[in-house]
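So that the names make sense, note that chain A is the first sequence line, chain B the second, and so on, each numbered from 1. For the numbers below, each heavy atom of this structure counts, side chains included, while hydrogens, waters and symmetry mates do not.
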2 protein chains.
Amino acid sequence: MGITTQHSQVQQLLESHFGQFEPELISKLAEHCVIRDFEADQQLMRPGQYFKSTMLIVEGGVKIYREDQDGNEFFMYQLGAGDACALSMICATRKEQSQISAKAIEPSKALLVPIALMDELMTGYKTWYYFVLETYRSRFEELLEVVDSIAFKSMDERIEFYLKNQRKLSHSDELALTHQQIATDMNSSREVISRLLKKMEQRGMVRLGRNTITVLF
Amino acid sequence: MGITTQHSQVQQLLESHFGQFEPELISKLAEHCVIRDFEADQQLMRPGQYFKSTMLIVEGGVKIYREDQDGNEFFMYQLGAGDACALSMICATRKEQSQISAKAIEPSKALLVPIALMDELMTGYKTWYYFVLETYRSRFEELLEVVDSIAFKSMDERIEFYLKNQRKLSHSDELALTHQQIATDMNSSREVISRLLKKMEQRGMVRLGRNTITVLF
DNA sequence: CCTGCTATGTAACATTTGTCACAAACCCGC
DNA sequence: GCGGGTTTGTGACAAATGTTACATAGCAGG
């Protein structure tokens, strides 16, 4: 939760996770950013909130999901070190409200870039403008894949898609997940997930344990 | 299909549909754009295609949808005069492939902006850079609504959402649609749509006719 | 090692959506 | 006003997903 303004630390974080930025951009950012820490499970954004700054993730992982009016969740994608929240970049520039929710899945650190700086960064630093566009483009594509998975695929294919994503994010075939968590992320029910996971185990696609799913495909 | 390079005509189209652009930007674009006409039902983009230019719609309407490997479609959103294809703007700058399909729903006209120009436009013209960001942001939000509708809603609510969209796009409560078209757009089957529309008619939400659905809500 | 909490398994059933088969209604051109 | 195509209506059934209710299993702390 603490807010620090140690320039040298910010500078170092920027250099290690945003090496593509030109040196003057890094100094500029280091001058104006603050670091913010989040605990696991802490909410970074909630719908309806106004952005005062753009977030650059430098440590940990952040889950981006959509919520409906009844509090149901739907997981969309996840950010890690080196990523930025696309919506916060553009909403920020236009003082719009957030349409999504974000939650830290582990203790995480983000750099907060004041929105007042955005215009100057966009027009003055080519690497920043590329970064913003690339961020938007790749989130957009991730979202398109999500649309695919719910528009065209059946539940068991969606679980497969979900597990593949989780594996990529955790860099491991051993996923520490409960069936309930998966169900919540997919806006389904636990029994359905258990049932289908069991079938996948019989087909040799996964190995199931308490709190763990080992991906075998 | 014809390609013309009549500067004055381009200039005029730009002025009437993209009035927010600064005059020098309009001249710049008029100098380098070409007009392209599309017939109704003609495909503007297909997945896997490389972009050579960004499209600004100046007349007609374009439907943006996703296709799966079996040729199933899923309608996402629609562009009209004054809109631009978000993906073509950014894919264009990075020479990436299109991930979507686009089809003219009526005879349409677009201005083609060569991708070689993008960098100069982005850095040199503030109104262009705002336009690109705003385009991306609003498509992103439309896509989020689409995700909502399939992640959280049942078929009848989705039909309602679909009809509301169509009404907004056609500026009329009388929609010229067959049940089959709706089914295709929603990746469902005609019988399901007919069944649910009938129920909606009984509840007084729509009036059904051959090739027409009158929205009453 | 017992207790209690959490996670998982599973059967039975409800609901929603999709599929098949075919009938009826509508519309256009002759 | 008569075919022939297209569009819509509908019943019966299949398949997928969601719900309810409860049993069992694993783990952690006392």
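The side chain to side chain contact (heavy atoms under 4.5 Å, CB included) check on Ser16(A) picks up nothing, with sequence neighbours excluded. Lys198(A) pairs by the salt bridge (charged side-chain N to carboxylate O under 4.0 Å, His left out) definition with Glu201(A), not counting sequence neighbours. Looking at residues two or more places apart in sequence or on another chain, you find a salt bridge (charged side-chain N to carboxylate O under 4.0 Å, His left out) between Glu142(A) and Arg139(A). Take Ile159(B) and apply the side chain to side chain contact (heavy atoms under 4.5 Å, CB included) test, not counting sequence neighbours, and it matches Leu163(B), Met186(B), Ile193(B), Leu196(B), Leu197(B), Met200(B). The side chain to side chain contact (heavy atoms under 4.5 Å, CB included) test applied to Ile105(B) returns Lys63(B), Gln78(B), not counting sequence neighbours. Judged as a side chain to side chain contact (heavy atoms under 4.5 Å, CB included), and not counting sequence neighbours, the contacts of Glu106(A) are Ser108(A).
No donor-acceptor pair under 3.5 Å is formed between the side chain of His17(A) and the backbone N or O of Ala81(A). A distance-only check finds no donor-acceptor pair linking the side chain of Asn165(A) to the backbone of Tyr162(A) [under 3.5 Å].
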Would you tabulate the side-chain donor-acceptor contacts of residues 143-153 of chain A under 3.5 Å, counting partners in other chains and residues two or more places apart, or write 'none'?
residue	atom	partner	partner atom	Å
Asp148(A)	OD1	Arg66(B)	NE	2.8
Asp148(A)	OD2	Arg66(B)	NE	3.3
Asp148(A)	OD2	Arg66(B)	NH2	3.1
Ser149(A)	OG	Val146(A)	O	2.9

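When all heavy atoms of Glu67(A) and Ser101(A) are compared, the closest pair comes out as OE1-OG, 2.7 Å. Contact record, Gln42(A) with Glu39(A): OE1-N, 2.9 Å, taken as the closest heavy-atom pair. Minimum interatomic distance between Val206(A) and Leu208(A) (heavy atoms only, all atoms of both residues): CG2-CD2, 3.9 Å.
Contacts with DNA chain C (heavy atom under 4.0 Å) in residues 204-217 of chain B: Arg210(B), listed by number. Applying a 4.0 Å cut-off to non-hydrogen atoms, the residues of residues 146-161 of chain B that approach DNA chain C are Ser154(B), Met155(B), listed by residue number. Residues from residues 192-201 of chain B that place a heavy atom under 4.0 Å from any atom of DNA chain D, listed by number: Arg195(B), Lys198(B).
Put simply, His179(B) has no side-chain N or O that comes within less than 4.0 Å of OP1 or OP2 on dT6(D).
In this structure, CD of Glu191(A) is placed 15 Å from P of dA23(D), rounded to the nearest angstrom.
Ser154(B) and Glu157(B) share a side-chain donor-acceptor pair at under 3.5 Å.
With a cutoff of under 4.0 Å to any heavy atom of chain B, the contacted region of DNA chain C is bounded 5' to 3' by dT17(C) to dC27(C).
Using a 4.0 Å heavy-atom cutoff across all strands shown, Ser189(B) reaches at least one base atom of the nucleic acid.
Axis orientation changes by 30° from one end of the helix from dC1(C)-dG30(D) to dC30(C)-dG1(D) to the other, with each end axis drawn from 5 pairs and the value rounded to 10°.
Between Glu191(A) and Arg195(A) there is no salt bridge, since no side-chain nitrogen of the basic residue lies less than 4.0 Å from a carboxylate oxygen of the acidic one.
When ring centroids are compared, Phe74(A) and Tyr65(A) stay outside the 6.0 Å threshold.
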